[in-house]
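The figures that follow rest on heavy atoms only: side chains count, while hydrogens, waters and symmetry mates do not. Lettering of chains follows the sequences in order, A, B, ..., and the numbering in each one begins at 1. These numbers were taken from a predicted model, which means no experiment stands behind them.
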Amino acid sequence: MSKFTAGLNPEQRAAVEATRGPLLVLAGAGTGKTRVITHRIAHMLAHGVPASSILAMTFTNKAAGEMKERIAKLAGRKRTEALTVGTFHAFCVKSLRQYGDRVGVRKAFGICDADDQLVAMKQALRELQIPETQIQPKTCLSRVSLLKNQLISAEQCAASSDDWEADIGRAYRRYDESLLASGLLDFDDLLLFMVRLLEDTRTLTEFQKRYKYLLIDEYQDTNGPQYEIVKRIGGKHRNVCVVGDDDQSIYGWRGADVTKILNFEQDFPEAKIVRLETNYRSTAEIIKGANAVIRNNKSRHEKALRAAAGTGDAIVTRKLRDEEMEALFVVQDILHRASEDREPLGEFAILFRTQVQPRLFELQLRQHYVPYNLVGGMSFFDRKEVRDILAFLRLVANPADELSLLRIINTPPRGIGATTVKNALAIAAKQRMPLSEVFARGIEFKELQPNAVREAARLIESLKSLQHLASGSGLVELVKRLVREVRYADEIKRCYSDAATRSKRWEAVNEIMNMAEIHAHHGSEADLTSFLEDVTLNANDDRDEEQTSKDRVTLMTLHSAKGLEFGQVYLVGMEEGILPHIRCIQDGDIDEERRLAYVGITRAKRRLTISYTASRARYGDRLNSLPSRFLYEMLGKKPPAQLIEKAGKALSAAVGGNGKKPAAKKKPPTRNRSKSR
DNA sequence: GACTGGGCGCTTTTT
DNA sequence: GCGCCCAGTC
């Protein structure tokens, strides 16, 4: 037994030792998945597999960081340096920076975030004269994202016989064109262009030569392009290890395709399968409840968790009069348990399905002076100042970036209103000239306000003059000069009269400078492009660290709870219409909701409390609520058929009967229908 | 630009 | 019922 298999259970050991050939590790919640992954890699390194031939991909930066850290601890930092461990997206960015020109991507491409995407999509819809009332930019974006994640092209979509869908396809194409013209890729494009890159035989061979061992974490979350990447690179040597849990697939709505993990054996018929079913996290009662719920899902890899820990308290289910009482009960119970069990507040979590639920809990927590963290919501990178400064920086790095230019063209105000922008865009289109050039040479065009345009030209000029600092060690200097150059301090003064707000806003600007400072001293590449890339790809990192580490009660959605664990968990709003959510009931997508419930239950180590109400305010009405079918399942009972029927009807009536006729609604085809075809 | 009124829509969210 | 976003107005 090697150093890296000692102390593992037989299944874990089997997974660690199966280093050659395809391997599917079905790792139930709390079964030591990360342990297996890290030990497996350490084991491979110890047996002479060169670190540079291993490619390990995850979905989040956090997971990648943890993996790297833990492997380094096991195998030594030096030995792990040459490993490639990172998110799919980071890997694609790196590869595209190197070979992007082979698929028509300029090497200095920028990555556009959700905000830029929205601007671009709005523009696309406007150009196509599709009114926003007909297709909402946000809806269109998420639809396009889903299409991209399913490897469906704009052309395919535009050819749809459904008018709505065909319009989406046209918007999709226009949107892509405008991003490409701006030298930008969105998150989905990173994966798509990587797939294209791997369609080139020469490049594919290079990648196959370099990466002989693949490891994919959270494989149940794999979407179309990610799957293609794995299949292509791993198709040759077939040392593909995928780890995941089909029962925890909760991102189907954004393109994750659970069939990929269900059908792994079809892609790799010689695959070995290891099931990790011993749960080291929760008490027997909690595991029993989790099993009882998930058992009801139809298509899944058959497995059941066994609790390694002994028995504990029974799962508590509690019915409350309404949502206010629910919040009060939970908060009082937390205080009670915290003192009774001498448990720090950091061990408590309140988990909910939707973002409207936490309000009342926050209120109660405040009233009881209980410190808490609400995970999610506004990020540092959503702040106006941060977005502004980053837009300026993007423009320095990539003058073609039209979206960033539009964002800051009148910030601080320099007299360029909507009309000037519209005219400038028209000129740019007519003359086939980059928008920045139109502004830079603005004086030549009599359609444009001379005074305003002179200011814009000056701005573009000064951004250009900062370009020489963009490479190498000038990064910090660049940010500082930029902030001064555009007089951002004055802008903050102008916008906010109150001193406290001003200093708070300025803090954000300072923080960017700090980040630049850190970045400049961190890696080998300290240039502007790599800084922007880092900021865009790691936008959420620092916060969740902070948000979970302190001794505070955690409030978060079931989705963000995946992968975490807490001593005591409160699963709230366990009602028909919330969990399972009404939309999923209507669409008949109950299985993913059941997995969500399963994820929630399995977060708890020692104690799980589930609450539901007798009545709840929804859409301005007060409705009688019904306990979730998952509650019945958990107790080993069949949910009464009439409950489900009744719940469906009552809720549909409430949603549809909210003053407007459902028939008056623009007819977006139901999600379900368009998704499955 | 700042303000205001009307209309709409109302799951989940990482990269 | 509430909040957000947009368009229109001054």
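- Annotation: B:dT12 and C:dG3 have their P atoms spaced 16 Å apart (nearest Å).
- Checked against B:dT15, B:dG1, B:dT13, the side chain of A:Gln355 finds its nearest nucleotide in B:dT13.
- A salt bridge links A:Asp189 with A:Lys148: at least one charged nitrogen is closer than 4.0 Å to a carboxylate oxygen.
- Between A:Ile250 atom CD1 and B:dT14 atom P the separation is 11 Å, expressed in whole Å.
- For B:dT13, the OP1/OP2 oxygens have a side-chain nitrogen or oxygen of A:Thr557 closer than 4.0 Å.
- The shortest distance between the side-chain N/O atoms of A:Asn149 and the OP1/OP2 oxygens of B:dT14 is not below 4.0 Å.
- With respect to A:Asp116 and A:Arg394, a salt bridge is recorded, a charged nitrogen being found less than 4.0 Å from a carboxylate O.
- With centres under 5.5 Å and a plane angle under 30° as the test, the ring of A:His89 is not stacked against the base of B:dT15.
- DNA chain B is contacted by both A:Pro413 and A:Asp188; A:Pro413 maps to the nucleotide lying nearer its 5′ end (nearest heavy atom per residue).
- For B:dG9, one of the phosphate oxygens OP1 or OP2 lies less than 4.0 angstrom from a side-chain nitrogen or oxygen of A:Gln136.
- Judged by ring centres under 5.5 Å apart and planes tilted less than 30 degrees, A:Trp253 stacks against the six-membered base ring of B:dT12.
- Counting only distance, with no hydrogens or angles, the side chain of A:Ser145 and the backbone of A:Leu141 share no donor-acceptor pair below 3.5 Å.
- Between A:Ser560 and the phosphate of B:dT13, there is a side-chain N or O to OP1/OP2 separation shorter than 4.0 Å.
- Between A:Arg414 and A:Leu596, the residue anchored nearer the 5' end of DNA chain B, judged by the nucleotide with its closest heavy atom, is A:Arg414.
- Between A:Asn61 and B:dT15 there is a side-chain N or O to OP1 or OP2 distance below 4.0 Å.
- Between A:His581 and B:dT11 there is a side-chain N or O to OP1 or OP2 distance below 4.0 Å.
- Qualifying side-chain contact (heavy atoms from CB on, under 4.5 Å) partners for A:Lys107, counting only residues two or more places apart in sequence or in other chains: A:Asp101.
- Residues satisfying the side-chain contact (heavy atoms from CB on, under 4.5 Å) criterion with A:Glu455, sequence neighbours excluded, are A:Arg414, A:Arg458.
- Side-chain N/O atoms of A:Arg353 include none lying less than 4.0 angstrom from OP1 or OP2 on B:dT11.
- Using a 4.0 Å heavy-atom cutoff across all strands shown, A:Thr536 reaches no nucleic acid atom at all.
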Could you write out each protein N or O paired with an N or O of nucleotides 4-10 of chain C at a distance under 3.5 Å?
unit_1: C:dC6; atom_1: OP1; unit_2: A:Lys122; atom_2: NZ; d: 2.8

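- Taking the six-membered ring where the residue is Trp, A:Phe88 and A:Phe59 present tilted rings, their angle falling between 30° and 60°.
- Take A:Lys260 and apply the side-chain contact (heavy atoms from CB on, under 4.5 Å) test, not counting sequence neighbours, and it matches A:Tyr219, A:Tyr227, A:Asp257.
- The same atom, P, is picked in C:dC2 and in B:dT13; the two are 23 Å apart, to the nearest Å.
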Find every protein N or O atom lying less than 3.5 Å from an N or O atom of nucleotides 3-5 of chain B, and list the pairs.
none

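- For A:Ala327, the side-chain contact (heavy atoms from CB on, under 4.5 Å) partners are A:Leu360, A:Phe361, A:Gln364, not counting sequence neighbours.
- Within a 6.0 Å radius of CZ in A:Arg622, more than 12 heavy atoms belonging to other residues, nucleotides or ligands are found.
- Of the candidate nucleotides B:dT12, B:dG1, B:dT15, B:dT15 has the atom lying nearest to any side-chain atom of A:Leu537.
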